[in-house]
Amino acid sequence: MLDKTYQPASLEGTIFAAWEDANAFAAGAGSDGGQAYSIVIPPPNVTGSLHMGHALNNTLQDILVRFERMRGKDVLWQPGMDHAGIATQMVVERQLMETQEPGRREMGREKFVERVWQWKGESGGKILSQLKRLGCSCDWSRERFTMDDGLSEAVRKVFVELYEAGLIYKDKRLVNWDPKLLTAISDLEVEQVEVNGHLWHFRYPLEGVDFNAEDPSTYIVVATTRPETMLGDTAVAVHPEDERYTNLIGNHIILPLVGRRIPIVADEYSDPEKGSGAVKITPAHDFNDFEVGKRHDLPMINILDIEGKVVLEGNEDFTRDVSGSSELTQTTRELQGQDRFAARKAVVAMMDERGLLAEIEDNRHAVPHGDRSGVVIEPFLTDQWYVDAKTLAKPAIEAVRSGQTGFTPKTWENTYFHWMENIQPWCISRQLWWGHQIPAWYGPDGTVFVATDESEAKEKAKAHYGEATELTQDEDVLDTWFSSGLWPFSTLGWPDETEALKRYYPTSVLVTGFDIIFFWIARMMMLGIHFMEEVPFHRVYIHALVRDEKGQKMSKSKGNVIDPLDLIEQYGADALRFTLAAMEAQGRDIKLSTARVEGYRNFATKLWNAARFAEMNECAPVDGFDPKSATLTVNRWIAGESERAAVKVTESLENFRFNDAAGAIYHFLWHIFCDWYLELIKPVLMGDDEDAKRETRAMAGYVLDRALKLLHPFMPFVTEELWAKLGEGREQILMLSPWPRHEGLENAQADAEIDWVIRFVTEIRSVRAEMNVPAGARVPLIVTGANTESQERLASHGETLKRLARLESIEAGETPKGALQIVLEEAILALPLAEIIDVAAESARLRKEIDKVSKEIGQLDAKLANEKFVSRAPEHVVEEQRERKSEAEATAARLNQALDRLQAVL
RNA sequence: GGGCGGUUAGCUCAGCGGUAGAGCACUACGUUGACAUCGUAGGGGUCACUGGUUCGAUCCCAGUACCGCCCA
């Protein structure tokens, strides 16, 4: 006998273990050898732990995977993690600091990397066990890590081939430099943060005239948000059509504090509307200025070191073309070694002292911050490795245009195109130790040899130099996304031509959040198409962002984070999963509230108790039972309902309509199966028609089995448990059982009849409640004017009707005076309760109904009187309105009769 | 500034060219032999606003307002 309530916490672990024992997670488990269906997990961070976004992402994948597995496909859900270069290095460095061990640099690269591996072994990857708590049915035996040997080999091969194809190159460009982590980061790792800053207006004295603050013709005003960069200015730009300045183009100014002579150039970049219309150009410290500098062939002067401190002394770029002066000496003395923010203050003060500070304006603007370090990012001139993303993007764009890969919802394709069409060279080198060290070696003269390993590089060097030569490997590592960009094929064994690769590539669908379209999807598309000559996935499903119940993004600093593990603990993994699925509507974010999770926990309990009822009444699946053989109307009806539910769930899942699918099974189980079917069969189960009982038990078992299957992708644990409990002795686990097929069980006649029964019961309950007939009282019912069909229905469902409507008896006869009257199609249902009836209240109730029906008749009349409607609307619509009108008129007539009869009592 | 999305019941959200829905919350009643993590019944909506298309618009189109996200 089942317990009274379902206790998820105590059962989930056991059920998961049973799946493992059955080897149900393995690729191809339960398959009938059919079509392959594969998903690669978006690899979570090795440092990560499960948050709500993961819970949603993986719930959706697991739903798809369980669904397709039950449909007999050869399913692989490939799990694994990425090594998260910066994040992991930070974690381990912090740990070293906390335990007061020597830092990374003192330790040296080799020992440090060893230490990171040690950390990974001990405490990395706990997220994978958390995914198991969620019930994820990945093929855990195939877990991969981006730093595994095989995947690392793939990374080297890709690097070498792209280099040889000219698609990877080294270049000196501005990068986003993180002065705290001391590495380049990609555009995507930069967050623009709105801050309240200032716009400082500086007067730059023109060459050859005496500066006079009172005389604007002796200087040009430039505005800047970053005064300290003025030390590296190499031009002032004005708009070519800005008449205020046309006469100055080609002239020079003398850069204050430094004494450098720099030109005034015409460039469309400067906006005449902004500030003074003139803008200082610092090519080495600003992305826009960098472009301007290239157009005008300006020198690039870097005045900062890697930590963001001012370097003037010994800075050849800075001192070139500048003759020594006392001012320069003072500037150098005051600013050398100053942090960029201190230098900013100092520069402003020095300008002010000289009468060169024209104005300070408040200015709210976006400042780039490193998403890991949180510090202000510095555009910084360095040598880095780049991927020619523009070239790789072309076929990746084409693949989506031609439909080889499609996005759901489709609107995300625009985002993808926009990004891909404006893609910049992808900086892939990182100044870190944890990651794939770049397979490039340098000779003594700086010649670079790119090879998959050192010995190959040495051979190349020997060929080049004519003798064996010492080489040093590039210190840098590759961007983590470079390796996760290979994920859909590197995890399947590439570069080896494995069976798995042949079978499961391209993958079927990729499920992820929109924030990762650029980071990851774009890169997988580019690299997948280039190396596999085929898209990595046919469909990309972009899901919602999980917010808190007020719609705020969850964040640690706001303190509004809901831990999925807490919810699993409290309500069970099934409830959490179902909640996420039920709220996953395309194109809308999820505002998660625990009340909702609690509600779906209750749903699991409801199902549990329905199963308990089935068990108590010996309702169980019967081998060889043919649902088409059912003779009882109620059984034919529920078979058809279960069929409709199956179709709805199946179609919804095929179209990634998770909320519809969840809604359909919820509605079927609770509001059809529990609310009506189980109630309708109670008289049968308690009666003594053994044949009817046998059929009903078998049908209840059959339908419940089907429902468990339909619900299984959403609530795998409780359904698996009930499957075992209800079908004692069966060998097959639910997870590997076949998905319900369409059997053609719908029966219109049964539907109509049960629909009538339901309306009969509902109408009587409603009137009883409204008229305050005590809930427990059994009352007699007199039916007038029933046609043959209704009479037959009354006869065959009498017991059920009496039970559900709390009736003492049902008899045909004249409608008595002083009765509550209900119009059900052609018949009048009367409850003779003369003693307790309140004639005024009952009249009011009937009048209200008459009003309602009259209003409807009025609307339909107006519609049908409209000639244009009758002539232009489709035939069936017009016909429908006519039918509705005549039905409404008949109902109105009966209600009026009822009212007359009632008032005759007075 | 550019792009995208949203605005439907108290809340969270479905839906959709032809009777406006769900869950939760709320109100009343209820220990009816599965279930109080439940049952029965009920109240509650100018579908943001303004135009247009249409026989007919919550739905399609245009604009406005407000909210949110992404990119500068």
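Lettering of chains follows the sequences in order, A, B, ..., and the numbering in each one begins at 1. Side chains included, hydrogens not; waters and symmetry mates left out as well; all remaining heavy atoms used.
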* To do: Measure distances between side-chain N and O atoms of A:E763 and base N and O atoms of B:A41, and say whether any donor-acceptor pair falls under 3.5 Å.
  =>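 No pair found.
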Heavy atoms from C-beta onward define the side chain here; which of [options] lies closest to that of [X]?
X      : options             : result
A:K606 : B:C38, B:G23, B:G5  : B:C38
A:N609 : B:G23, B:C35, B:G15 : B:C35
A:A610 : B:A41, B:U37, B:A34 : B:A34
A:T762 : B:G5, B:U19, B:A41  : B:A41
A:H671 : B:C38, B:G23, B:A34 : B:G23
A:R806 : B:C24, B:U32, B:G5  : B:U32
A:W670 : B:U12, B:G39, B:A34 : B:G39
A:F613 : B:U37, B:C24, B:A34 : B:A34
A:R765 : B:U40, B:A34, B:G33 : B:U40
A:M616 : B:G18, B:G33, B:U12 : B:G33

Round to a whole Å and report the spacing from [atom1] of [X] to [atom2] of [N].
X      : N     : atom1 : atom2 : result
A:D675 : B:A22 : CG    : P     : 13 Å
A:H667 : B:G15 : NE2   : P     : 17 Å
A:W608 : B:U37 : CH2   : P     : 17 Å
A:R768 : B:G30 : CZ    : P     : 13 Å
A:F518 : B:A72 : CZ    : P     : 9 Å
A:E883 : B:U19 : CD    : P     : 14 Å
A:N602 : B:G23 : CG    : C1'   : 12 Å
A:F603 : B:C24 : CZ    : P     : 12 Å

Residue whose nearest RNA chain B nucleotide is more 5′ - A:Y600 or A:W676: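 On the 5' side of the pair lies A:Y600.
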Heavy-atom nearest nucleotide on RNA chain B for A:T605 versus A:C674: which residue maps closer to 5'?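 Closer to the 5' end of RNA chain B: A:C674.
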For the [atom1] atom of [X] and the [atom2] atom of [Y], what is their distance to the nearest 0.5 Å?
X      : Y      : atom1 : atom2 : result
A:E569 : A:E12  : CD    : CD    : 9.0 Å
A:L576 : A:I568 : CG    : CD1   : 5.5 Å
A:N866 : A:D861 : CG    : CG    : 12.5 Å
A:L824 : A:W756 : CG    : CH2   : 6.0 Å

Once you apply a heavy-atom cut-off of 4.0 Å, does [X] come out as touching a base, just sugar-phosphate, or nothing?
X      : answer
A:T415 : nothing
A:M686 : base
A:A775 : sugar-phosphate
A:Y666 : sugar-phosphate
A:E679 : base
A:P874 : base
A:R778 : nothing
A:Q881 : sugar-phosphate
A:K4   : sugar-phosphate

Check: A:D3 main-chain N/O paired with A:W608 side-chain donor or acceptor under 3.5 Å
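Pair found, side chain donor or acceptor close to backbone of A:D3.
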For the pair A:R806 (side chain) and A:R765 (backbone), establish whether a donor and an acceptor sit closer than 3.5 Å, ignoring hydrogens and angles.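 No, the answer is negative, given that no donor and acceptor are paired below the 3.5 Å cut-off.
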So, does [X] get its side chain near the phosphate of [N], meaning an N or O under 4.0 Å from OP1 or OP2?
X      : N     : value
A:R884 : B:U19 : yes
A:S766 : B:G42 : yes
A:K855 : B:U19 : no

inquiry  = Tell me if the aromatic rings of A:Y541 and A:F658 count as close, with their centers under 6.0 Å from one another.
reply    =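 Distance test on ring centres: under 6.0 Å, yes.
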query: So, A:Y600 versus A:Y666, ring centres under 6.0 angstrom or not?
result: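 Here the rings of A:Y666 and A:Y600 have centres that are less than 6.0 Å from each other.
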Between [N] and [M], how far is it from one [atom1] atom to the other, in whole Å?
N     : M     : atom1 : value
B:A14 : B:G51 : P     : 28 Å
B:C24 : B:G43 : C1'   : 16 Å
B:U8  : B:C13 : C1'   : 9 Å
B:U31 : B:G39 : C1'   : 11 Å
B:A48 : B:C59 : C1'   : 15 Å
B:G2  : B:U64 : P     : 11 Å
B:G23 : B:G56 : P     : 35 Å
B:G6  : B:U12 : C1'   : 14 Å

Item to complete: Could you point out which residue of A:R847, A:K852, A:R845 forms a salt bridge (charged side-chain N to carboxylate O under 4.0 Å, His left out) with A:E849?
Response: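 The single option meeting the salt bridge (charged side-chain N to carboxylate O under 4.0 Å, His left out) with A:E849 is A:R845.
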Pairing partner of [N] (Watson-Crick or G-U wobble, both distances under 3.5 Å):
N     : value
B:G21 : B:C13
B:C60 : B:G52
B:U37 : none
B:U7  : B:A65
B:U46 : none
B:U31 : none

query: Looking only at side chains, do A:N609 and A:Y6 share a donor and an acceptor under 3.5 Å apart?
result: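 Their side chains do not contain a donor-acceptor pair, so the 3.5 Å distance test is not met.
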